[in-house]
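One structure is given here, and the rest of the page talks about it.
Scope of the values below: all heavy atoms of this structure, side chains included, with no hydrogens, waters or symmetry mates.
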Amino acid sequence: MSIAEYAITKKTISWMITLLLLIGGIVSFNDLGRLEDPAFTIKQAVVITQYPGASALEIEEEVTLPIENAIQQLPYVDKVISTSTPGLSQVEVEMKSIYRKDDLAQIWDEMRRKINDMQGQLPPGARMPIVNDDFGDVYGVFFAITGEGYSYHELSDYTDFLSRELVLVEGVGKVSIGGRLDEQVFIEIDRAKLSASGFSADSIRQLLTGQNLVNDAGHIEVGSEYLRIKTKSLSGDGLAALNSLLLGSSNGRLVYLSDVANLSRGYKDPARHLYRFNGKQALTLGVSFASGVNVVEVGKNITERLSELEYARPIGMQLQAIYDQPAQVESSVDNFIIGLGQAVVIVIVVLMFTMGWRPGVIMSLVLLLTIAGTFIVMGMFDINLHRISLGALIIALGMLVDNAIVITEGILISVQRGESRLQSAIRIVSHTRLPLLGATIIAITAFAPIGLSPDASGEFTGSLFWVLFISLLFSWVLAVSLTPFFCYLLFQENAQQQEEQNDPYAAGIYLSYRKLLDLTLKFRKTTMMVMFGLLVSALIAFTNVKQAFFPDSSLPMFLVDYWLPEGSSIQSTEADIKSLEKALLNIPEIKQVTATIGQGAQRFMLTYTPEKTYPSYAQLMIQTHSYDQLEGVREKVDEILFTSYPQAFTRFNRISIGPATAAKIEARLIGPDPKVLRSLGQEIIALLNSEPDAINIRQDWRERTKVVQPVFDDAAARRLGISQADLDVALNTNVSGQQVGTYRHGSEILPIIIRPPEKERRGIDQLEQVQVYSPVTQSYINIGQFVRGIDLNWEDPIIKRRDRKRTLAVLADPGPNSNAFALHQKIRGSIEAIELPVGYSLQWGGEFEAQEQANEAVFAFLPLGLLVMIVITVFMFNSVKQTLVIWITIPLAIIGVAYGLLLTSSAFSFTALLAVLSLIGMQIKNGIVLVEEIKRLKEEENFDWYQAICDAAVSRLRPVSMAALTTILGMIPLLTDVFFQPMAVTIMFGLGFATILTLIVVPVLFALFYSVKNTQ
């Protein structure tokens, strides 16, 4: 008993399966996780090492280099990028793209062991390296906490309270606080008072060393009890206790610490990272999600918990969302579901009008069952609903009815010709099930390079393949099982048994198509010459198509990177941002402005890449009320920056949907000498400045900075028993302060910093007043006795390396009238013509490198996919000629793609490339359906070749054209989505022309290959 016969005769089982699919699909849909973008593994970690006092060159040679060598021993490493700045080494490690989340936990542990093992190679004074493998955490709920009139300490207390509460919410992974300042206890010593007291700074250091420590005073047995002994200070345990510390006596008078110093609590100066929100000082609260959760539900849980905690919010303190991923996901998924619903309605309406209400109802029901079954399988394999998976469903919609159309059409025509419903169903399914299976597998295989690509782009779009794999395979199963069952129920047998009197192909559109087919078969060589001419014109036209990698997000937000000259303090950067905020908040279209100063923000979106730590850097995240206002606001902001902030380099940027790059254009110069690298970099910058389409031109080593160098007289200092280290400590204490102990208060453990008052530590002149203790004279000596002047020199403040080689990158972006690929083509020749010294090389990065890597990863599996498709085709037909007939039409599909992209002004992006691959499968699938019917009519019905070609083409007119039309019209909802729009255009125009290829060119090629003569 065949599958079709079983489904028809076992009605109860068929209805049960139908009901289970519908109910299971609804339940599974409601249970599926919802995300904005697919889960994507950030394969990066950062190793941060402090080495106070070292120059960038010393950091590079003594800290960065040994860390790089240790990391490079790991076989998993893809690239190592390091940034060495004065006192700080930042080494960014990226693992190969083949590794996923489960692999990385073990890899990071192994890297930590390597770093721990090499710590003995670091110089004295270098701190312990910190490995941050949370670099890729995404804080999808991102709040700003502000409060007019509240101190930073009060903001911090409330933020800590929220952090402790929100981390307990079900579905929350981590909670991170951003912009936190390091609190310290300052002891500011008055130089004159200390000198008059007869005590030294060392006396204070020694006094504080043993204070405020936890010591064990032991236990004592009293009767039957065993009691712990704990001493306490009569002065208490606050700052008052430190103030009342006795230094000793001088001239018969007791001297307390408060007599020579002023004690206070404050914050580390300068700060490392600051946030501002709508012109106010702010702290941020980032909430990340546990894996596998429904982001929308967790977002509701967070909102509900915050409502419950409203009682604890101080009046006037505000908690505002910088980014709310659950709301974005809900809106995004809702829009996609609406789009999916629209596509389903479009497909159903098309089927109803073109095939009649009975076939329309059958295929609509099969379509809904296929989608329901796909949801069930997606739930089983933890495939969430997000931009990619929902887009895949919309792409698949038209193809999901292809198999059902062929089966339904065949049964309908057979019944109209007088055959019984049961026999029609059994015969049609028997004839078509294997060709349809082969065609379906080929269509799936066309998407395989996407699913099998190990690259980051493949990981991001991989669910596209798996959803199509599940849905298309499911559509074949339902086409050969439930489709004939529904046909049997709805179709009515025709009493007329004579085929000649009831031929549905004898009139209407079929007759017109047959006449056109006869004409093209008569002038078959002319037809192919026309097609070849169109192909050549399309290839020429394709050179005018815009190129792109991944599009920008439709989020109503843009970023402004703000760079002061290198060497600027974070206070100067903050001052500029404060005044800039005031101007921006006067623009009515701007909803809110978030500023991060000193480094990038916490990663609040998957594709957002935070900038490393630089005091001269700030970033503004500007949100408008709507997406349409972005361009106008950007122009206003640009004008403000141009007229009022000429001292800063600024760059506008939008958040990308796919993997982002530091700049669209990146030319990397690799070599050993920083001077030569800077010189070559200036040559490239000059070339870019002469190109009107290039903007945001800069190089990532930035400007050289000044360094103050007191000239140390070794001989004079030795006579006084003073070393260069003594001088460094004294200078550091005078300008920045030195830690001399710790202060405990409750859960706080704060460093105690000893330093002079502000008036004694500001300005170069104060350096001449610094004193250093001489063990020879037993007194403090002014540094003028062993320092022979103060020089001012220049140094490289930033040294960057890539894979252990010094690398200077020249960066640029295309202007509004160009794109990255067009600009790259214009400048590539002139830049590569620059003569490089021996030992130096040029390497291209930016979007060019990113797309090359993505394409390489996709095309790595393309030959295998093509081979599988060719093998299946040969197995199905056992004929080289019939296989060639199908495959020769594939390149011709580019005609529709090229002109479609040009007509709609769409870019050929990475998603458009994926669409071209999918078109191969769609085109072959249609070709197989037609060629298989030609073969069947010739071999089984004994038709001559010409009649077999004509009758097969006419019988496949409706299935092929309907399959194409449903797919094309099903793409309409995707035209408004910035990510899928190039893909939708490519499929709509490509498939539209491919349908003509199937119905005209395939028969013509068949006739040419077999030298078929016109017998009619």
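Remark: the backbone N or O of Ser176 is paired with a side-chain donor or acceptor of Gln602 at under 3.5 angstrom. Proximity of a side-chain donor or acceptor of Gln623 to a complementary backbone N or O of Ile322 within less than 3.5 Å is detected. Listed for the Lys96 side chain is a donor-acceptor partner under 3.5 Å among the backbone atoms of Pro75. Remark: side-chain polar atoms of Thr370 are paired, donor with acceptor, to backbone N or O of Val366 under 3.5 angstrom. The closest donor-acceptor contact from the side chain of Trp108 to the backbone of Asn132 lies at 3.5 Å or more, if one exists at all. No donor-acceptor pair under 3.5 Å is formed between the side chain of Thr408 and the backbone N or O of Pro359. No donor-acceptor pair closer than 3.5 Å links the side chain of Arg34 to the backbone N or O of Asp31. Side-chain atoms of Tyr99 do not come within 3.5 Å of backbone N or O of Ile107 as any donor-acceptor pair. In this structure a side-chain-to-backbone donor-acceptor pair under 3.5 Å is present from Ser475 to Leu472.
Residues that satisfy the salt bridge (Lys or Arg N to Asp or Glu O under 4.0 Å) test with Arg654, not counting sequence neighbours, are absent from this structure. By the ring pair (Phe, Tyr, Trp, His ring centres under 6.0 Å) test, Phe142 pairs with Phe604, sequence neighbours left out.
Shown here is Glu170, whose CD atom has no more than 12 heavy atoms of other residues, nucleotides or ligands within 6.0 Å. Atom CD of Glu849 sits in a crowded spot, with more than 12 heavy atoms from other residues, nucleotides or ligands closer than 6.0 Å.
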List the steps and the verdict of side-chain contact (heavy atoms from CB on, under 4.5 Å) for Ser14 and Leu482. CA-CA 7 Å; Ser14 297; Leu482 291 182; 4.0 Å; yes

Verdict with supporting geometry, Phe474 and Leu369, side-chain contact (heavy atoms from CB on, under 4.5 Å): CA-CA 9 Å; Phe474 218 97; Leu369 289 175; over 6 Å; no

Test log, rule side-chain contact (heavy atoms from CB on, under 4.5 Å), inputs Tyr6 and Ile13: CA-CA 9 Å; Tyr6 184 88; Ile13 294 175; 3.3 Å; yes

Just do the side-chain contact (heavy atoms from CB on, under 4.5 Å) check on Val77 and Met111 with the steps written out, would you? CA-CA 10 Å; Val77 172; Met111 188 176 80; over 6 Å; no

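The line from CE of Met876 to CD1 of Ile886 is 7.5 Å long, rounded to the nearest 0.5 Å. In this structure, the separation between CG on Asp382 and OG on Ser463 is 13.0 Å, given to the nearest 0.5 Å. Here the CE-CG distance, from Met16 to Leu19, works out to 9.5 Å after rounding to the nearest 0.5 Å. Here the CG atom belonging to Leu965 is positioned 10.0 Å from the CE atom belonging to Met988, to the nearest 0.5 angstrom. Taken from CE in Met95 to CG in Leu104, the straight-line distance is 7.5 Å, to the nearest 0.5 Å. To the nearest 0.5 Å, the span separating OG1 on Thr873 from CG on Leu866 amounts to 10.5 Å.
Side-chain N/O atoms of Asn403 and Thr440 include a donor and acceptor closer than 3.5 Å.
Looking at heavy atoms from C-beta onward, Ser906 lies in side-chain contact with Leu901 at the 4.5 angstrom threshold. The shortest side-chain heavy-atom distance between Leu21 and Leu478 falls under the 4.5 Å cut-off. Counting only heavy atoms from C-beta outward, the side chains of Asn384 and Ser389 never approach each other to under 4.5 Å. Under the 4.5 Å side-chain criterion, counting only non-hydrogen atoms from C-beta, Ile444 is not in contact with Leu468. Side-chain atoms of Leu166 and Val172, non-hydrogen and from C-beta on, never get closer than 4.5 Å to each other. Taking 4.5 Å as the limit, some side-chain heavy atom of Leu464 sits within range of a side-chain heavy atom of Met983. The side-chain heavy atoms of Val916 and Phe908, taken from C-beta on, include a pair separated by under 4.5 Å. The side-chain heavy atoms of Ile470 and Ile383, taken from C-beta on, include a pair separated by under 4.5 Å.
Annotation for Ala907 and Pro982: closest pair O-CB, 3.3 Å, computed over non-hydrogen atoms. Between Ala964 and Thr995, the closest heavy-atom pair is CB-OG1, 2.9 Å. Contact detail for Asp103 and Ile98: the closest heavy-atom pair is OD2-O, 4.5 Å. Across all non-hydrogen atoms, the minimal contact from Thr998 to Gly927 is CG2-N, 4.1 Å. Contact record, Pro435 with Ile928: O-CG2, 3.9 Å, taken as the closest heavy-atom pair. Residues Met605 and Arg603 share a closest heavy-atom pair of O-CG, 3.1 Å.
Between Lys43 and Asp78 there is no salt bridge, since no side-chain nitrogen of the basic residue lies less than 4.0 Å from a carboxylate oxygen of the acidic one.
Ring orientation note: the planes of Trp466 and Phe469 are nearly perpendicular, at an angle over 60° on the 30°/60° scale.
Among pairs with a residue in residues 14-37, those fulfilling ring pair (Phe, Tyr, Trp, His ring centres under 6.0 Å) read Trp15-Phe485, Phe29-Phe375, at least two apart in sequence or across chains.
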